[in-house]
Amino acid sequence: MDHFLYRDGILHAEDVPLTEIAAQVGTPVYVYSAATLLRHYRLFDEALAWGPHLVCYAVKAASNVAILKLLGDAGAGMDVVSEGEYRRARAAGVPGERIVFSGVGKTEAEMRHVLADGVRQINLESEPEMRQLSRIAAEMGVEVPVTVRVNPDVDAKTHEKISTGKSENKFGIPIAKAREVYREIAALPGLRVVGIDVHIGSQLVDLEPFRLAYRKVADLTEALRADGHAIERLDLGGGLGIPYARSNLAPPVPMDYGQVIRDEVGHLGCEIEIEPGRLIAGNAGILLTRTIFVKEGEGRDFLIVDAAMNDLIRPAMYGAHHDIEPVREPAPGSVRRPYDIVGPVCESGDTFAKGRDMVPLGAGDLIAFRSAGAYGAVMASEYNSRPLVPEVLVSGDDMAVIRARPSFEEMISRDTIPEWLNTP
Ligand SMILES: *Cc1c(COP(=O)(O)O)cnc(C)c1O
């Protein structure tokens with residue numbers, strides 16, 4: 001459930017008509033619903049209420065500081081994969097002891113920064129990484145809580161670009177090698193083993209791969225404990241999928257996911273950490289855009305909108321589907337016709353949907369791309385020199401611009417012409 005509904009014939013974000021946001025901020029613009037973000041966070045929190053736990057929002061899904069502040073104030077921890085994300089979480093007031101640092105390629109500078117400023121745990125992904133972290137922590141005179149991300153070799157049955165738990169993926173350490181790696185960590189200065197980490201992929205629509213992975217983590221917990229390691233926390237990753245098309249079967253809900261976790265690892269007495277991103281932010285945001293032209297083509301009509309692949313890359317990158325709705329509610333029983341919905345960027349890949357049945361639309365009409373809150377604005381670029389898409393957060397009848405659209409001057413003034421090009 002989300003808070004983007006028609007009211008008096010106009011699609012609203014909570015109590016704010018999208019027409020109002022388009023008038024004030026212009027289009028394209030991302031619009032998030034605070035109530036939906038909080039609701040999704042709480043669903044996970046409740047699903048794990050049977051034991052000690054921390055829901056660490058995966059910042060990479062939607063990283064605006066206002067969104068982090070909203071979730072952080074509600075009690076969420078944060079899962080970050082770069083110093084930039086870490087700094088955003090801190091800027092939102094989230095204390096270091098609620099921030100987990102994940103990622104395959106943490107640099108020395110990043111390690112130093114989070115060690116100095118405070119971190120709940122670092123999830124290690126390789127042996128060179130653990131040796132480097134040990135050296136830096138020892139040098140700084142700190143002992144950092146660590147887990148090792150194990151690769152359980154489970155097929156997440158999701159899109160190949162977001163599948164991370166098979167042995168051929170670049171992520172983590174093969175689970176069969178884990179005992180050896182933990183033995184080495186225990187002997188290294190500056191590192192304190194606190195648990196195990198696993199994350200098998202994103203947009204999972206079936207609980208079975210989670211169950212298989214968590215069962216392997218439970219076995220490993222017993223084995224590592226027998227080896228004398230203190231396994232007190234299990235970081236079970238993110239990855240629960242969302243419905244992108246209303247017509248599709250709904251993916252599992254957080255409560256059922258929480259039950260799988262309880263079934264598989266609940267008996268171990270560990271604190272549970274999870275790192276959901278997409279499920280919290282995905283259906284809490286839309287991309288609002290305006291039709292520039294309707295172009296009649298041969299055998300098909302094109303709806304050319306003012307959003308493009310640089311603003312929302314998921315259809316071009318993953319072949320992703322987004323439900324698309326007109327902001328003005330269609331009359332019941334209106335006849336629909338197929339449109340190709342495209343942006344203005346000079347690439348054929350700049351196509352949001354092909355042959356999508358829509359009520360007839362004209363130039364100037366507003367439409368909303370649903371389920372765009374996660375991996376939307378964060379992946380935006382200025383390709384084709386289109387200023388970075390702005391973001392708006394709505395809560396009840398309050399709305400605020402949480403990232404302003406840069407002016408053309410701001411965009412261009414970031415470039416500098418070298419002195420030697422100016423000399424005659
Ligand atoms: C991307 C990622 C997540 C979040 O995944 P979602 O599918 O958005 O829930 C969590 N943990 C790690 C390590 C990730 O890389």
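Counting convention: from 1, in listed order, for ligands and their atoms alike. The first residue of the sequence shown is numbered 1, and numbering continues consecutively from there.
- Taking any N or O of Gly277, backbone or side chain, at least one lies under 3.5 Å from an N or O belonging to ligand 1.
- Atoms of ligand 1 lying under 4.0 Å from any heavy atom of Pro276, numbered from 1 in the order shown and given with element: 9 (O).
- Close N/O approach between Val81 and ligand 1 is not found [any backbone or side-chain N/O within under 3.5 Å].
- Within the structure, salt bridge (Lys or Arg N to Asp or Glu O under 4.0 Å) contacts touching residues 50-67 (residues at least two apart or in different chains) do not occur.
- Neither side chain, Asp2 nor Thr36, offers a donor N or O lying under 3.5 Å from an acceptor on the other.
- Of the N and O atoms on the side chains of Asp45 and His53, at least one donor lies less than 3.5 Å from an acceptor on the other residue.
- Separating the CZ atom in Arg149 from the CG atom in Asp197 is a distance of 6.0 Å, to the nearest 0.5 Å.
- Taking a cut-off of under 4.0 Å to the non-hydrogen atoms of Asp79, the atoms of ligand 1 that pass are 10 (C), 11 (N), 12 (C).
- Residue-level proximity to ligand 1 for His199 is carried by the side chain, the only part with a heavy atom below 4.0 angstrom.
- Considering both main-chain and side-chain atoms, Tyr375 comes within under 3.5 Å of ligand 1 through a nitrogen or oxygen pair.
- A side-chain donor-acceptor contact under 3.5 Å links Thr147 and Asn123.
- Atom numbering of ligand 1 starts at 1 in the shown order; those under 4.0 Å from a heavy atom of Arg278 are 6 (P), 8 (O), 9 (O).
- With a heavy-atom cut-off of 4.0 Å, Ala61 does not touch ligand 1 at all.
- For ligand 1, the polar-atom distance check finds no N/O of Ser102 at less than 3.5 Å from any of the ligand's N/O atoms.
- The distance from ligand 1 to the heavy atoms of Lys60 drops below 4.0 Å at these ligand atoms: 1 (C), 2 (C), 3 (C), 4 (C), 14 (C), 15 (O).
- Counting the atoms of ligand 1 from 1 in the order shown, those under 4.0 Å from a heavy atom of Glu275 are 3 (C), 4 (C), 9 (O), 10 (C), 11 (N), 12 (C), 13 (C).
- Side-chain contact check for His322 and Arg356: no donor-acceptor pair (N or O, by modelled atom type) lies under 3.5 Å.
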